[in-house]
Amino acid sequence: MAADLAERGFGALARRHLLARGISRDQVGGWLRRGLLHPRYPGTYAWGRAELGTQGELAAALLYAGDGAALGSLTALWWQGLLGRRPALIHVDAPGKKRSHTDIAIRHPRRIERHVHRGLPVVSLPDALLAASRHLTRDSLRLVLARAEFKRLLSLQELEGALGRGRTGTRGLRAAIDAHMPQLARCENGLERSFVLLCEAERIEIPEPNVRIGRYRPDMFWRHARLVVELDGDAAHSTPAQLTADRERQAWLESRGLGVLRFRRLEVKCERGRVAAEVRGALAARAGLAS
């Protein structure tokens with residue numbers, strides 16, 4: 001019975017659930033002494049071994065927070081693939097008055113709207129975004145919104161409807177909505193996002209990231225000007241084989257009548273004005289060719 005409960009909880013168990021299933025306190029104590037149960041949080045255990053996988057760690061936090069709890073804030077966003085890094089704390093929304101503990105940050109909102117994602121309960125995306133907005137910069141919020149829209153997890157209209165006067169996080173979230181940039185969701189790394197934000201800051205038309213052209217997907221593409229920008233990160237564009245592949249790719253694109261510019265990470269980071277000037281000049285020249 002305990003093993004079945006642990007399997008459903010990804011290896012995590014709550015003492016209250018064991019007792020509710022008719023397992024006595026003496027049995028629980030015996031399992032602890034034999035090493036079948038390993039304390040995780042007060043009243044919460046790992047079954048069989050002390051280590052839990054990612055799902056088990058999150059499940060243990062939810063079990064500690066109490067029945068009706070759900071992953072919230074940054075953790076809910078990360079668990080749904082909208083944040084790149086796992087938060088340092090496990091954020092949980094829960095009814096009752098359970099206090100935060102070690103690596104668990106617990107909130108007690110008046111209402112908790114839950115749904116299941118990859119086996120674990122999470123709060124609604126609007127609620128997660130509102131709670132997370134105080135932890136994220138405007139551009140980070142914009143990236144989350146772009147990813148959520150791209151994955152069809154949320155529409156901006158739905159999010160607008162969830163905002164309201166007096167709701168904590170509304171101001172920051174509304175600022176991110178007002179500056180919404182769907183192209184961020186198509187960027188595959190930080191360098192690409194930095195370039196798109198550079199274009200925005202320099203008032204250059206936002207390119208389309210990673211659009212397939214024949215056998216390739218150039219990093220940035222302005223369709224009307226038939227201009228491509230390739231962004232060379234430090235790791236993937238340094239070996240002889242990689243440099244040969246870059247030259248072959250550029251030659252193929254140019255043979256199809258496309259203009260190609262290349263910038264390295266350091267140029268995008270430290271020479272923004274020059275990069276912007278080169279892109280503007282190329283766009284103007286290509287537009288003249290097109291007309």
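In what follows, every heavy atom counts, from backbone to side chain, and hydrogens, waters and symmetry copies are set aside.
- Under a cut-off of 6.0 angstrom, the local environment of CZ in Arg212 is crowded, with over 12 non-hydrogen atoms contributed by other residues, nucleotides or ligands.
- Under the side chain to side chain contact (heavy atoms under 4.5 Å, CB included) criterion, Ala59 pairs with Phe10, Ala12, Leu120, sequence neighbours left out.
- A heavy-atom distance below 4.5 Å is not found between the side chains of Trp79 and Leu77.
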Please report the C-alpha distance between Leu71 and Leu58 in whole Å, then the side-chain angles of each, then the deciding distance to 0.1 Å, and finally whether the side chain to side chain contact (heavy atoms under 4.5 Å, CB included) criterion is met. CA-CA 8 Å; Leu71 300 177; Leu58 298 178; 4.0 Å; yes
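- Cluster partners of Leu89: none. The rule joins Ile, Leu, Val, Met, Phe, Trp and Tyr whenever side-chain heavy atoms lie under 4.5 Å apart, and it links nothing here.
- Judged as a side chain to side chain contact (heavy atoms under 4.5 Å, CB included), and not counting sequence neighbours, the contacts of Arg49 are Glu51.
- Here Glu57 pairs with Arg86 in a salt bridge; the nearest charged N to carboxylate O distance falls below 4.0 Å.
- Atom-to-atom distance recorded for Thr168:OG1 and Arg134:CZ is 9.0 Å, nearest 0.5 angstrom.
- The two residues Arg265 and Gly233 come nearest to each other via the heavy atoms NH2-CA, 4.0 Å.
- A donor-acceptor pair under 3.5 Å is absent between the side-chain atoms of His101 and the main chain of Ile106, judged by distance alone.
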Residue pair Arg272, Glu267: steps toward the salt bridge (Lys or Arg N to Asp or Glu O under 4.0 Å) verdict: CA-CA 7 Å; Arg272 296 168 61 89; Glu267 293 177 290; over 6 Å; no
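- Here the CG atom belonging to Asp93 is positioned 7.5 Å from the OG atom belonging to Ser73, to the nearest 0.5 angstrom.
- For the side chain to side chain donor-acceptor pair (under 3.5 Å) test, no residue two or more places apart in sequence or in another chain qualifies with Gln27.
- Partners of Ala148 under the side chain to side chain contact (heavy atoms under 4.5 Å, CB included) rule, at least two apart in sequence or in another chain, are Leu82, Leu125, Leu154.
- One finds a salt bridge joining Glu208 and Arg223 here, because a Lys/Arg side-chain nitrogen approaches an Asp/Glu carboxylate oxygen to under 4.0 Å.
- Tyr216 is linked by a ring-ring contact (aromatic ring centres under 6.0 Å, His included) to Trp252, counting only residues two or more places apart in sequence or in another chain.
- The existence of a salt bridge linking Arg262 and Asp232 is confirmed by a sub-4.0 Å separation between a basic side-chain nitrogen and an acidic carboxylate oxygen.
- Both Leu198 and Val196 are members of a single hydrophobic cluster when ILVMFWY side chains are connected at heavy-atom separations under 4.5 Å.
- Residues passing the salt bridge (charged side-chain N to carboxylate O under 4.0 Å, His left out) test with Arg217, sequence neighbours excluded: Glu188.
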Decide yes or no on side chain to side chain contact (heavy atoms under 4.5 Å, CB included) for Leu258 and Phe221, but give the supporting numbers first. CA-CA 10 Å; Leu258 298 169; Phe221 182 48; 3.9 Å; yes
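- Met181 and Leu156 fall into different hydrophobic clusters, where Ile, Leu, Val, Met, Phe, Trp and Tyr are joined by side-chain heavy atoms under 4.5 Å apart, directly or via other members.
- Taking the ring-ring contact (aromatic ring centres under 6.0 Å, His included) definition, one finds that His135 meets it with His91, sequence neighbours left out.
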Audit row: Val144, Arg147, side chain to side chain contact (heavy atoms under 4.5 Å, CB included) steps and yes/no: CA-CA 5 Å; Val144 170; Arg147 286 172 172 168; 5.7 Å; no
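- For the ring pair (Phe, Tyr, Trp, His ring centres under 6.0 Å) condition, no pair includes a residue of residues 169-195, sequence neighbours left out.
- Between the side chain of Trp222 and the main chain of Glu205, a donor-acceptor pair closer than 3.5 Å is present.
- The structure places CG of Leu163 at 5.0 Å from CZ of Arg174, a figure rounded to the nearest 0.5 Å.
- Expressed to the nearest 0.5 Å, how far CG of Leu145 lies from CG of Leu136 amounts to 10.0 Å.
- By the salt bridge (charged side-chain N to carboxylate O under 4.0 Å, His left out) test, Asp139 is found to be paired with Arg142, residues two or more places apart in sequence or in another chain being considered.
- As a member of the Ile/Leu/Val/Met/Phe/Trp/Tyr network built from side-chain separations under 4.5 Å, Val123 groups with Ile112.
- Between Glu202 and Arg280, at least one side-chain nitrogen of the basic residue sits less than 4.0 Å from a carboxylate oxygen of the acidic one, meeting the salt-bridge criterion.
- Side chain of Asp219 to backbone of Leu231: a donor-acceptor contact under 3.5 angstrom is found.
- The heavy-atom pair separating Leu130 from Ala162 by the smallest distance is CD1-O, 4.4 Å.
- Taking NE2 of His224 as the reference point, atom CG of Leu283 lies at 6.0 Å (rounded to 0.5 Å).
- Partners of Ser194 according to the side chain to side chain contact (heavy atoms under 4.5 Å, CB included) rule, which considers only residues two or more places apart in sequence or in another chain, are Val268.
- A salt bridge is absent between Arg186 and Glu192; no separation between the charged side-chain nitrogens and carboxylate oxygens falls under 4.0 Å.
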Salt bridge (Lys or Arg N to Asp or Glu O under 4.0 Å) between Arg256 and Glu254: does it pass, once the steps are laid out? CA-CA 5 Å; Arg256 268 64 183 175; Glu254 289 175 339; over 6 Å; no
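- Atom CZ of Arg118 is surrounded by more than 12 heavy atoms from other residues, nucleotides or ligands within 6.0 Å.
- Between Glu149 atom CD and Leu159 atom CG the span is 10.5 Å, to the nearest 0.5 Å.
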So Trp31 and Tyr45, side chain to side chain contact (heavy atoms under 4.5 Å, CB included) or not? Walk me through it. CA-CA 11 Å; Trp31 287 343; Tyr45 312 103; over 6 Å; no
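- Judged by distance alone, with hydrogens and angles left aside, the side-chain atoms of Arg16 form a donor-acceptor pair with the main-chain N or O of Leu63 at under 3.5 Å.
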